[in-house]
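Small disclaimer: the values here were computed from a predicted structure and weren't measured. Sequence lines set the chain letters: A, B, ... in the order given, protein chains first and strands last, and positions in each chain run from 1.
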Amino acid sequence: MNPLLRTLLLIAASGGYPPRIWSLFEREGLPPEAFVQKGPDLWKRIGCTEQVAETMERLLGNHWPEREAERAEKKGVRLVTFNDTDYPRSLTGVPGAPLLLFVRGKWPLSGIAAAVVGTRKCSSYGFRTATEIGKAVGDAEGIVVSGGAIGIDRAAHEGCLSSGGNTIAVLGNGVDITYPGGHERLFERIVSGGGALVSEYPLGTPPRPWRFPERNRIIAALAEKLVVVEAPIKSGAMVTARLALEIGREVWAVPGRISEENCSGSNRLLYDGALALVSVSDFVSLAFGRQLGLFRQNDSRESVSALTEKEQRILAVLKKSGERTVDNLAVEGTMSPADVFSCLATLAAAGRVFPSGPGRWSAVPG
Amino acid sequence: MNGVWGITLRGMEARKVEVEVEIAGGLFAISIVGLPDAAVRESKERVRAALRSLGLAVRGRVAVNLAPADLPKEGAVLDLPIALGIARAMGSIPDIPPGIFLGELALDGRLRGIRGAVAAAILARDSGIPLFVPDGNLEEVSLVSGCSAFGAESLEDVFAFLRGEKELKPAGEFVPSSGTCSPDPDFADIRGQAGARRALEIAAAGHHNVLFTGSPGSGKTLLARALQGILPPLSTDEFLETALVRSTLGIPFDRGMKPPFRTVHHTASIVSICGGGSTLRPGEVSLAHRGVLFLDEFPEFRRDLLEGLRQPLEDGRITVSRASGSVTYPCRVLLVAACNPCPCGWAGDPVEKCTCSVPELERYQRKISGPILDRIDLHVPVPRLLPEELVAVEDTGAEPSSAIAIRVRNARELQRKRWAGTGFSCNAELPERMVKRSLMLSADVRPFLSSMAERLRLSGRGISRVLKVARTIADLASTEKVQVPHVAEALAYRDGGGRS
């Protein structure tokens, strides 16, 4: 077994912060195999705590690194070390970059990566906007990077997948664990759609609250651009934004209502000088250098002329007056509720309207 | 010595029980053998008192045998045959003609109504013998045509009849109640909610299950209750099926042909909903047979309970298996479920703010995406209408239930004709294998549906559910073929079609 891989696996499972342990070891100027050979004496000398040293000793005793590598192979999980040729270039040189990545799915991915992050408790407007951004990134042959949570993360992945793009979900737990429950299908689609699940934690690591902010540094570093869709002041997305700014990434934020708690963070970023994402197509053309319309041969949005007269009427009402219930649409569009439903279903399938609350519909932004 | 016939219930089925009595000399005692339960064992006190009220003093050692010996007997329904058997053994009445006797005795000899009279009437009809029931049960047994049934008020009446001194009252022809009860609540009283009204009309027409999602106060419960008023009245056969379940549980008979509406609270136990217990009683889901089963606060129900309902909803019957045996009850119900969009109920509301924490939301999402949702054809979001929105729809004039009911009845009639001879009567019951072949789709539906299926990532099951609903929509419009707009409307009711 590769001595570097064995060492990194050991450090990953030690319970300490891997980048710190590694940098302490590097200062000694020893080859990677020395880490295992010298054993506990070295570990304690370079400043590992008693507990970390004990854990590593125990793991070595029952050949855990070898077994973990075997397990990963069986599960189709790749182990990418920091000196691997497939180690993402965007991570090299970033302080605190992960030393070892557990990857499920296609690796490496090529293309410009944009991270799309935001609150898990997003509004339907936020969800829809994130979906549209994900879709546009996919259309521009970019890569979406996000977490694996509900809300904005999920929307971004789904949007990107719907346009056949590749997405990366950076998880705060082992890549063989599905968290949150209910995302089994999403994760399957990410992997089968040519994307990847990435984590710095060994297989079987359960999700814990402190791992998610720690994981955010990988999201910030992996992508060249970061888009914050909806985020309260105190949130993981704001942590990611700060980390991204520290390493010089481009940060975008979607403007929101100033009265909404959910938009306080993203609006604050705008005030502090982040780029304002006021139009999805402008964002894509600036960030990816592509004019979307030129690259969309089979555009899923039909042109207005393909809509029936009734559908156009419904769309016009929604565009003009915002969120509406079926009742209002039936009255304002002067048609029966049955017709309203029929129109809404085709419009929704064409990506023109979306349900923005229980029984309420809005036109798609953009 | 010949016995007297009574019955005992096994599930919803009545089994014949022969009561034999022997009286020997000795000190007074009554012993009952043949697996009696507590109610049967206690009948000796009621029987003795009832006989004494007629001037018959029981003396000696009385042995009562209930045959077949290995069938457990339950309930007070055997009081009358035991009393007749003892009186016969004492020589106070002449030989007893063939017939089934049912009744619980009061101490003064009056006959009280009993559970399971309808099942007994079916048994009596099938064996071609008359049935004698307490007066209180006479009306419900008249439902079973071809059964000659007689009602008696007291033990004395029965004695007089057996001695040839008096005629008993025969059961007449069953007359459904003619008085149309006004639906409560009426759709005319519900403001707005055009979407939910339309969905309920489709649900009633095709017997599709419904899930309402909406914030507190949006009117989910009111809408669900209004559904009863637009369902077509039961046919006599269907009414007999529902009466059979009710009679098994001893629920008083009601002549109204209204389909049942049962509301179940989420604290209810599995047994009370699915049926069971030591006596294998039917549960709420069977009481709602041919009618509506309403589960309010749907995600609050226990997971195993919802899982338990899944197969019965599919099959239209539920088999309850216990150590004491297994019985099958009917449960062809229209399931109406209601839930909040999130634990606090305010997600997506234009005014109130959702205060749920993220783990709560995750848990909730997992809970409502359970497998029972597979059995629900119509997913209907119910908006909480704001005052200004209510004002905007004020002058549209809400349609009354009676007008909707007529359209529903016509659509049902079309379905009944179409599915005649197939063993089911409405579109929702259509088995998977028949969906593609027999729905009569117009030519342009197929390309439309396949393009939609790709965009919306519909599964095979999802597609056939959409088609079934589309068929019902076409039936409501009285069109022979399913058209594209019908399918488009059906797509709006699929899972996720209107949820954010």
Legend entry - Residue part contacting chain B, namely of A/S123, when any heavy atom lies under 4.5 Å: neither

Inset, instruction - Sort A/E332 into side chain, backbone, both or neither according to what part of it lies under 4.5 angstrom from a heavy atom of chain B. - result: neither

Legend entry - Nearest atoms (heavy-atom pairs only) where B/E489 meets A/A338: OE1-CB, 3.4 Å

Inset, instruction - Return the minimal non-hydrogen interatomic distance between A/A345 and B/A492, and the atom names on each side. - result: CB-N, 3.7 Å

Legend entry - Qualifying residues under side-chain contact (heavy atoms from CB on, under 4.5 Å), relative to A/N166, sequence neighbours excluded: A/L109

Inset, instruction - With sequence neighbours left out, write down each residue that passes side-chain contact (heavy atoms from CB on, under 4.5 Å) with A/T325, or none if nothing qualifies. - result: A/D327, A/N328, A/R360, B/P383, B/L385, B/E389

Tell me, yes or no, whether the heavy-atom count around [X] atom [atom1], taken from other residues, nucleotides or ligands under 6.0 Å, exceeds 12.
| X | atom1 | value |
| --- | --- | --- |
| B/E454 | CD | no |
| A/R211 | CZ | yes |
| B/E480 | CD | no |
| B/R461 | CZ | yes |
| B/K353 | NZ | yes |

Legend entry - Nearest-0.5 Å distance that lies between atom CG in B/L361 and atom NZ in A/K121: 6.5 Å

Legend entry - SG-CD distance between B/C354 and A/E261, expressed to the nearest 0.5 angstrom: 12.5 Å

[X] portion near chain A, given a 4.5 angstrom heavy-atom threshold:
| X | value |
| --- | --- |
| B/P341 | side chain |
| B/A477 | neither |
| B/C342 | neither |

Inset, instruction - Among the options B/C356, B/S215, B/A347, B/G214, pick out the one with the most heavy-atom pairs lying under 4.5 Å from chain A. - result: B/C356

Inset, instruction - Output all residues satisfying salt bridge (charged side-chain N to carboxylate O under 4.0 Å, His left out) with A/R242, sequence neighbours left out; order by chain, then residue number. - result: A/E246

Legend entry - Inter-chain contacts: residues 189-205 of chain B against chain A, heavy atoms under 4.5 Å: B/G192, B/Q193, B/A194, B/G195, B/R198

